[in-house]
2 protein chains.
Amino acid sequence: MSPASTVRSTDTQQRLSAACCYPLAAPEVGRDQAVALADLFKALADPNRVRIVNLLANADEPVCVCEFMEPLGLAQPTVSFHLAKLHRAGLLRREQRGTWAYYSLHPTALARLAQVLDPEGGTP
Amino acid sequence: MSPASTVRSTDTQQRLSAACCYPLAAPEVGRDQAVALADLFKALADPNRVRIVNLLANADEPVCVCEFMEPLGLAQPTVSFHLAKLHRAGLLRREQRGTWAYYSLHPTALARLAQVLDPEGGTP
DNA sequence: GTAGTATATTGACAATTGTCGATGTTCAAC
DNA sequence: GTTGAACATCGACAATTGTCAATATACTAC
C-alpha cells in the first residue's frame, strides 16, 4: 500500500537497530527517536514477556511456542502474541522447523539494549 | 494494612533496587521478580518519559516541573503524572525548593538498569 | 489573615493492551 | 486428495494507560 518506506520488508529487529543509535543519554532525543526507544522498552514492559526472555536466556537451544504455555500459564494465542511482540522489537529470533516455530534470544539483543542505557553511548 | 512486607516505607526507587537484584538473564526469574522488572521497563515505555530522562541526562542541574511543559508540549498535570511515574520507579530524584519541585536523574539509575540487562549479571 | 503561584491529585474520557475462544494457515503423514 | 497438529490471526472483552480541565494542597509574599 504505502511505498513510502523500505522498512517494511523484515520488520524484525528494526526497532532495536533504530533505537540502538539513539542512546537515552544522547545530546538530544527527538520525537521519533523517543518513540523508537519507548517501543523498545514497551517490549519488556510486561511480566510474561520478561519471563519469556529469561527462559530463553537460560536455554541453550531455541524453544518452540508450546514450551512456553505451561510455565507461563497462558493460552497458545496469548503466547504467540507476546512472542510476536518481542520478535517485532528485534529481541527474538524466529526459526521455522516444519510446523513448529522455534524462538531464541537474539545474540546481541540484551547487550545492545544495555548500550542504549549507557551514559557514554551518546558522547564517546 | 499488610504487615507482610517492609517495602512500603519510601516507595522511591524501591522498584529499581528490587529489580536490580534480579537480572533478566538470571538463572530463574519468578512471578514477583518478573513483575518488578516489568514495572521498571514500564517506566521507560513512553516517548514522553524517554524524553524526560534524556532532558535530565543532559542537564547539569535539577530541573523544575514547569521547565518540561514547553519542550514536551504537555499540560502541567500530565508532566506531573510522568515525573511521578519515573520517581516511583526509582529513576528520578525529587527535591523541594519552596513551591518548586526539582527533579534530577538518579545518579546510578541508568547504570543499574543496564546491569539488569547484563547477561553476566546473573552468573558471575 | 489574603492573594498569588507551583505542584499534586481527582475525575472523566479516548486509546491502548493483555487475554482467550474461535477461526485461518501451513506443514507432515497418510 | 484428507486428517491431524502447531502456530498465527481475528473478534470481543476487561483492564490499564495517557491526557487534560477542574480542584486541592502547600508555599511565599504581603
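First the proteins, then the strands, lettered A, B, ... as listed; each starts at 1.
- Remark: P of dT7(C) and CD1 of I52(B) are 13 Å apart, rounded to the nearest angstrom.
- Listed pair Y103(B) / dA6(C) fails the phosphate criterion, with no side-chain N or O lying under 4.0 Å from OP1 or OP2.
- The distance between atom CE of M69(B) and atom P of dT5(C), rounded to the nearest whole Å, is 14 Å.
- Comparing dA8(D), dA8(C), dA6(D) by their nearest atom to the side chain of V65(B) picks out dA8(C).
- Regarding Q96(A), its CD atom lies at a distance of 12 Å from the C1' atom of dA28(C), rounded to whole Å.
- Between N58(B) and E28(A) the shortest side-chain heavy-atom distance does not fall below 4.5 Å.
- Atom-to-atom, CZ of F68(A) to P of dG18(C) comes out at 17 Å; the value is rounded to the nearest Å.
- As rounded to whole Å, 10 Å separates atom C1' of dA6(D) from atom CZ of R94(A).
- Between the CH2 atom of W100(A) and the P atom of dA5(D) there is a distance of 10 Å, rounded to whole Å.
- Here the C1' atom of nucleotide dA5(D) and the CD atom of E67(A) are 15 Å apart, to the nearest Å.
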Protein-nucleotides 15-19 of chain D N/O pairs under 3.5 Å:
unit_1  : atom_1 : unit_2 : atom_2 : d
dG18(D) : OP1    : R49(B) : NH1    : 3.3
dG18(D) : OP1    : R49(B) : NH2    : 2.8
dG18(D) : OP2    : K85(B) : NZ     : 2.8
dT19(D) : OP1    : N48(B) : ND2    : 2.8
dT19(D) : OP2    : N48(B) : ND2    : 3.4
dT19(D) : OP2    : H82(B) : NE2    : 2.2

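- Residue-level contact check: Y102(A) touches neither bases nor backbone, having no heavy atom under 4.0 Å from any strand.
- Side-chain atoms of Q76(A) and base atoms of dA6(D) include no donor and acceptor less than 3.5 Å apart.
- Inter-residue side-chain proximity for Q76(B) and S80(B) is flagged as met; some heavy-atom pair is nearer than 4.5 Å.
- Residues F68(A) and I52(A) have side chains in contact (heavy-atom distance under 4.5 Å, counting atoms from C-beta outward).
- Salt bridge present: R97(A) and E95(A) bring a charged side-chain N and a carboxylate O closer than 4.0 Å.
- At distances below 3.5 Å, at least one donor-acceptor pair connects side-chain atoms of Q33(A) with backbone N or O atoms of G30(A).
- Atom CZ of R49(B) and atom NZ of K42(B) lie 10.5 Å apart (nearest 0.5 Å).
- Under the 4.5 Å side-chain criterion, counting only non-hydrogen atoms from C-beta, L44(B) is in contact with V53(B).
- Distance CG (L86(A)) to P (dC7(D)): 16 Å, rounded to an integer number of Å.
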